[in-house]
Every structure is written in C-alpha cells, then in structure tokens.
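Written below as structure tokens is the structure these notes are about.
In this text, all values refer to a predicted model and were calculated from it rather than measured experimentally. Convention: sequence-line order gives letters A, B, ...; per-chain numbering from 1.
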Amino acid sequence: MTEPGKESPYRNRSVEENLDLFERMRAGEFEDGSRVLRAKIDMSAGNLNMRDPVLYRVLHASHHRTGDKWCIYPMYDWAHGQSDSIEGITHSLCDLDFEDHRPLYDWCIDQLGIHHPQQIEFARLNISYTILSKRKLRELVEGKYVTGWDDPRMPTLSGLRRRGYTPEAIHSFLDRIGIAKRDSIVALADLEFSIREDLNKRSLRVMGVLNPLKVVIDNYPEDKTEELDAINNPEDPTAGTRKVPFSRVLYIEREDFREDPPKKYFRLAPGQEVRLRYGYFITCTDVIKDDKTGDVIEVHCTYDPKTRGGSSPDGRKVKGTIHWVSAAQAIEAEVRLFDRLFIKENPLAVDEGSDFKDNLNPNSLEVITALVEPSLINAKPGNFYQFERRGYFCVDTVDSTPGKLVFNRTVTLRDTWAKIEKAQKK
RNA sequence: UGGGGCGUCGUCAAGCGGUAAGACACCAGCCUUUGGAGCUGGCAUUCCCAGGUUCGAAUCCUGGCGCCCCAGCCA
C-alpha cells in the first residue's frame, strides 16, 4: 500500500473516446465486466479510493424505473453525492466506514460544480446480542433462520414493532444512547429499559398464566362463580377497572409454588398463605403428585372468605401476591417467548473459520400455550398488555385470529427475585 | 513501515483551559394487593500512558501505547 498503483493503459484516452465508450456501454454493446469508465485522479494517493476509482461498469440489469434502457450502472461514490445534491440535502449522514470515501464524495461533486452537501460520518448504533448489518440480516432471512424481516427477534423497525416496541420507546432509546464517532455496542438493557418505561405507563394489566399448575380451593363452593374487581392500570387511574371471574378451581404459575421453599420465598408452599391478586388469601393444605414422576400436579388450598378483594379485616399481612386464572373461564392463547437472537454480546466476534450464524441463540423462540383471563377475548392485533408479574405482551399482527389468540412477549418485567435466588445459590 | 478514524465509570455519553453532566447497569434502604412501578442514597480525586506549557489541563503541545476501518467493476 505504500507503493503507487499501476496506471491503467487507457488512462490517457481522450474525452471523445471516453464519451463514445460511455454511449456504447450504455447501449449494451459490451458484456458485463468487460469495460469500465474511471475517474482520473491520483494513482499514488494514500487513500485507495482516490486511485482512479471506477465510475461506471457494464451491468445488464433491469431497473425498476428505466427498465433495460441503460446497460451501465454507476458506482456508489459517483452516484451518491449527486443524489444528495439533487435532493438539496445539507448534511449527508452515514457510518464510519465512509470516512475514507468523503474525499471522493467531495471530489465528484466539485468536478460537477453542483450543490455540495456535507457528508458527516457517525458510528453505527450497535446493540449487544444482535447485529445491524443489513447484509447479514438478509442472510438470516434468506437462510430461514428467522421468519422474515419482521420476525419479532429482528432488530429491524418492522421486527421491533411486531415485537411490541412503540415508536415512543424507540425514540427515547435513541435519545438516551446518543451518537458519536467511536465504535460502540450499547447494552441491550438500555433498549429494554426504554420499552418497559413506556409500556409501564400505558399498558393495561391483565392476568395470564404461562405455565399452569392446578389449584383447588377445597372450602370454596363447587358451583359458585364470583366477579372480582381488578384495576386496569395502577399507573393510570383513568384506565378504570374490570371484572375477573373467580371459582373453586384455578390455575397459578407453576413457579409460584414450591414444595420446599427456599429462604425469602414469599409465594405458595405447604402451610404458607399468599394473596391471589384481587382475590382471596389462600393457604396451601395439600399437594398431589404424579405417582410415577413425582411431579406436583395439583395443589389444594383453603381460602379465607373474609379476605375478598385481597385484604384482611384483621390486618394480617401476607408477603406474597400471585396471579391466577379461573379454570372454567380462562382462554387458551399461543404465547411466543422471545429471547436474544444471539448468545454472544458481539455476534460478529468469531474465531477464524467460524461464522456469526454460529452464535445464533438456538432458544431465541419458545412457543407455549398459556391460559389467560377471559377479558382478553376481545384483544385486537397490535394491542399490548402487561401480564402481571410476567412481562409485556402484544397481540401478534400477523398470526393472531379471533379464534386463536397469539401473543408476542415484548420484554419481561424486571425480576428481582431471580437475582436474589441466584445470589442464594452462590 | 500507506491512508482515514477513535481512546472519559461495567455499558452508552456530556465536556472544547477554570478544577469530571446525565442515562442504563449495579449496590443499600424505604414503600408496595405486580419480588413490577415509585422514592432516597451510593457508585471516575480522575479522563490510555509519559513528559511539557500554564496560577490552573480530560481539554493545549510533544512522544508513546491500544483499538477500528480501507487494496469490490459492493454499499
């Protein structure tokens, strides 16, 4: 690279000859790759882009506007400045890779003497555990590693939207991370914070059990059903309340019961009392297991009728509050649990002979059938909710139908317990 | 050993000669019918390193070191 480049044998061709060649190339007289028109700049330039760069090459490709009329195609450096100029752009922003190209961008525009926009380069907004390169993203789409450009795991705008990211959250994320010229990888946590912040204020709360465990309240009448009041959004009093059915047989989250609870576990366990959100206090009295596997398949409890709505007249406290659905009224819904698309913070950092696709997270999608409260029967595609204690979910805009609801998990809630438990295991 | 850039908290990021903003993360406490949310407090005596200039340097100068990008008829 320290040596000047070799000059093309055609470097000193006359203007007339070049013009003639241009016409003939355009007309389709030559094969792809057989002729080229270059700018005459400086073969000894340290910036390789200035060593007589190609301006036009022969390419027999159909264009969406001009069809097959032109058989040549301009190079980016030559065409880009002109497009910017014609559009009257004042500042042309691009990524750091093009810093080397700015002298050529300027050169081309100056030669033409046209309006000169200013090109300014910035670092890409990389996010950990994903990639931004459109070409690589395309590999994922074409290789069927994802379902399409709008796969909720994709960092594309359409993917983020389908995942449940609001424009407001995306904007606040962008404001938060800023932009500069140094290579960086923003932590995924920043993005997640932005969407939680927005959805916390706006989403309606609802109860949905992702991994159901049957609970029978032995002292509750078999044929009775009540309608309990539930708050739609504690962050927004104007969101009102709704009715949630309650009955003798319920489902709770499997992880909200532990036969052998660790320290500081506030949820259901033998002999332990918890609050069913907006329901009653219940105490676990019995556990039924599968004879063969030993797995807990059903939990029996008694409820305190005086705690309706979730508070006790005697003022006694329970530390845990868990969500639930009434077995008879709950509706089934498909729920898609997404996780990071890649297992490595920087998926592009690979060893020799390895490919970024080797860093794909094999568990980036888990599809389950959940039980959700009946009010969701009217959920429309694009609606977003907070499934209490679980996370934010939105109705899929592509696959959800009135008969079969499909929810996408946008992001989980912050999980302090998970942190505590992890710390306890250490 | 050519050219172009960049180096400030775990991650982003202000700062542009007057004595290190802010956010996320993290830690501690309060509060809580979501272990959510909220609230309070903590979190860079030091800015890649070494010299120098200056009353005063993350900011100026000199010299190092480290990282990224460029040899497509890709963008």
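- Within the 4.0 Å cut-off from OP1 or OP2 of B:G36, not a single side-chain nitrogen or oxygen of A:Arg390 is found.
- Put simply, CG on A:Leu48 is 13 Å from P on B:G2, counting in whole angstrom units.
- Between B:A75, B:A13, B:C24, one nucleotide has an atom nearer to the side chain of A:Phe193 than all others, and that is B:C24.
- What separates CG of A:Leu199 from C1' of B:G36 is a distance of 13 Å, to the nearest Å.
- For A:Arg182, counting side-chain heavy atoms from C-beta on, the closest listed nucleotide (B:G35, B:A14, B:C24) is B:A14.
- RNA chain B is contacted by both A:Leu96 and A:Ala187; A:Leu96 maps to the nucleotide lying nearer its 5′ end (nearest heavy atom per residue).
- The CH2-P distance, from A:Trp107 to B:G3, rounds to 22 Å in whole Å.
- Aromatic stacking of A:Trp417 on B:G35: satisfied, with centres closer than 5.5 Å and planes within an angle under 30 degrees.
- Residue A:Phe393 forms a ring pair (Phe, Tyr, Trp, His ring centres under 6.0 Å) with just one option from A:Phe338, A:Phe384, A:Phe387, and that option is A:Phe387.
- Under 4.0 angstrom from either OP1 or OP2 of B:G36 there lies at least one side-chain N or O belonging to A:Thr416.
- Between A:Arg51 and B:A71 there is no side-chain polar atom (N or O) within less than 4.0 angstrom of OP1 or OP2.
- Closest to the side chain of A:Glu235, out of B:U34, B:G36, B:G4, is B:G36.
- Between A:Arg161 and A:Asp150 there is no salt bridge, since no side-chain N of the basic residue sits under 4.0 Å from a carboxylate O of the acidic one.
- Comparing A:Lys181 and A:Asn47 by the nucleotide of RNA chain B that holds the closest heavy atom to each, the one mapping nearer the 5' end is A:Asn47.
- Separating the CD1 atom of A:Ile179 from the P atom of B:A23 is a distance of 21 Å, rounded to the nearest angstrom.
- If you measure from atom NE2 of A:His101 to atom C1' of B:G5, you get 13 Å, rounded to the nearest angstrom.
- Note on A:Ile185: only backbone sugar-phosphate atoms sit closer than 4.0 angstrom, heavy atoms only; bases stay farther off.
- Judged by centroid separation below 5.5 Å and plane tilt below 30°, A:Phe266 stacks onto the base of B:G35.
- Nearest to the side chain of A:Phe98, among B:G35, B:A75, B:C12, sits B:A75.
- For A:Arg38, no side-chain nitrogen or oxygen approaches OP1 or OP2 of B:C73 to under 4.0 Å.
- Between the P atom of B:C73 and the OH atom of A:Tyr10 lies a distance of 16 Å, rounded to the nearest Å.
- In this model, a donor atom of one side chain and an acceptor atom of the other lie less than 3.5 Å apart for A:His323 and A:Arg389.
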